[in-house]
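Every chain is numbered from 1, with letters handed out A, B, ... down the list of sequences.
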2 protein chains.
Amino acid sequence: MLEVICIKESRVPEVVIRRLALYLRALSQIDASESAFVSSQELAAKVGVTAAQVRKDLAMFGEFGKQGVGYHAGFLREEIARILKADRTIEFVIIGAGELGIALGRYTLRKYESEQAYPFMLTAMFDIDPAKVGHKVAGISVRHISEMARIVNERCIGMALLTVPESAAQSVIDLLGETRIKAVLNFAPTRLVAPRGIRVHNADVSLDLHHLAFFL
Amino acid sequence: MLEVICIKESRVPEVVIRRLALYLRALSQIDASESAFVSSQELAAKVGVTAAQVRKDLAMFGEFGKQGVGYHAGFLREEIARILKADRTIEFVIIGAGELGIALGRYTLRKYESEQAYPFMLTAMFDIDPAKVGHKVAGISVRHISEMARIVNERCIGMALLTVPESAAQSVIDLLGETRIKAVLNFAPTRLVAPRGIRVHNADVSLDLHHLAFFL
DNA sequence: TAGATTGTTAATCGATTAACAATC
DNA sequence: TAGATTGTTAATCGATTAACAATC
């Protein structure tokens, strides 16, 4: 007789992670001002989901509440931040120093400097165009793409924003396969074949526009 | 005996609409070059879903294929474009002429001018800052927010991109309640309470970053 | 203790996948 | 006709909601 030992593949649905980010944001807003405890009901109302869903989502990661009382807002915020790795500084790079890349670079750097708990720090920007190399974006120099792999690996950077033209996106992500980059946010309107070990999310404005136009 | 006439509330799941936009993009790419017909299998492979899903999605809107043959690529592209309202020019405005607003304005205008079938046309930009009013973005003048309602209504514009700071986003969308705007793409990192009849989608980079950081 | 709210199990709902008769 | 592929129905899967015992 064969006993199969099933390793509980603790698979967390994507939607749960996304909602966790919403809970974190809501908790960051109430923490200081209101009472020290929040119920799943209150948190749910702020985020726009059901109380049962809040409890279910949190239950995937542990027991954070007290029966009859609710969740300690500060503690829950810290725990969710830990789960989402937002309790440490996350360095990232931007590849593609066009208008969108520069706008996102300035935006995130400003947030990092002004918001206490904002964890994402832009560390470097890259472009293939020699005319752009050397240009400074909010204090960060744009470097040539050929330096990318070395710099990313030296500084152990795991995250990249991809703001290159559609035609360049696939070749850039192929380059990233040789680096420590593990997560990529792709702004190019194209489906990328990701190298093994790299997770790609798409932030495609054209797709959002098409989606919205359906409701006109 | 009472006969209940059930109006088939043709509720289309959000994910289906999103995939429709992906099918449209894939079809636009193959149309000219390859064979005139595509099977659900081929289309599925290009988009990264199953063939059954392609057929199921399309079946929600009609019968577009021929058994044993597949779908005529050009015809299917036109039909999906019609469903997504991408068969006509969709005028939209950008509210908030900061860096992100300007970058998105230039990006979409360039696409509109260079891509044959790109349906989204930026018609006006607005800001509350008098220093920004009058400035031109790729030929489009930035106007004061106080002119927004009048211009949007005169030109029957239904779509808006919201690129104002988080603190201003809710008051702007309240203003939109008085206009013909029906769909809003919100870039501010905050949940908006939409006026009746307005559909809001969020394009929140911070949320995407949190989501991705989970996988580091 | 009494009231409230969690964590969890069971019921429901909806979306995806598989399968196949219809038919080009 | 024979082979292929659709449109659709049934089976599966997974996520959401409801309900409630446990307990603060």
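Going from atom CD of B:Q53 over to atom C1' of D:dT6 covers 16 Å, rounded to whole Å. As rounded to whole Å, 9 Å separates atom P of D:dT6 from atom CD of B:Q41. Computed from coordinates, the B:E42 CD to D:dA4 P distance equals 14 Å when rounded to whole Å. For A:L43 and C:dA4, the CG to P distance is 20 Å, given to the nearest whole Å.
Position along DNA chain C of the nearest nucleotide to A:G70 versus A:K56 favours A:G70 as the more 5'-ward residue. Toward the 5' end of DNA chain C, the nearer of the two residues B:V69 and A:L58, judged by each one's closest nucleotide, is A:L58.
OP1 or OP2 of D:dT16 has at least one side-chain nitrogen or oxygen of A:R19 nearer than 4.0 Å. In terms of phosphate contacts, A:S40 brings a side-chain nitrogen or oxygen within less than 4.0 Å of OP1 or OP2 of C:dT6. In terms of phosphate contacts, A:R55 brings no side-chain nitrogen or oxygen within less than 4.0 Å of OP1 or OP2 of C:dG7. Of the side-chain N and O atoms in B:T50, none sit less than 4.0 angstrom from OP1 or OP2 of C:dT16. Residue A:Y71 has no polar side-chain atom (N or O) positioned under 4.0 Å from OP1 or OP2 of D:dC24.
Defined by atom type and a distance below 3.5 Å, a donor-acceptor pair is present between the side-chain atoms of A:Q170 and A:D174.
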Query - Stepwise side-chain contact (heavy atoms from CB on, under 4.5 Å) test for B:H201 and A:F215 - result: CA-CA 11 Å; B:H201 281 209; A:F215 300 105; 4.2 Å; yes

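In this structure C:dT5 sits in a base pair with D:dA22, meeting the Watson-Crick or G-U test at under 3.5 Å.
At a threshold of 4.5 Å between non-hydrogen side-chain atoms, the residues B:T50 and B:V54 do not count as touching.
Considering every non-hydrogen atom in both A:F92 and A:I94, the closest pair reads CE1-CG1, 3.8 Å.
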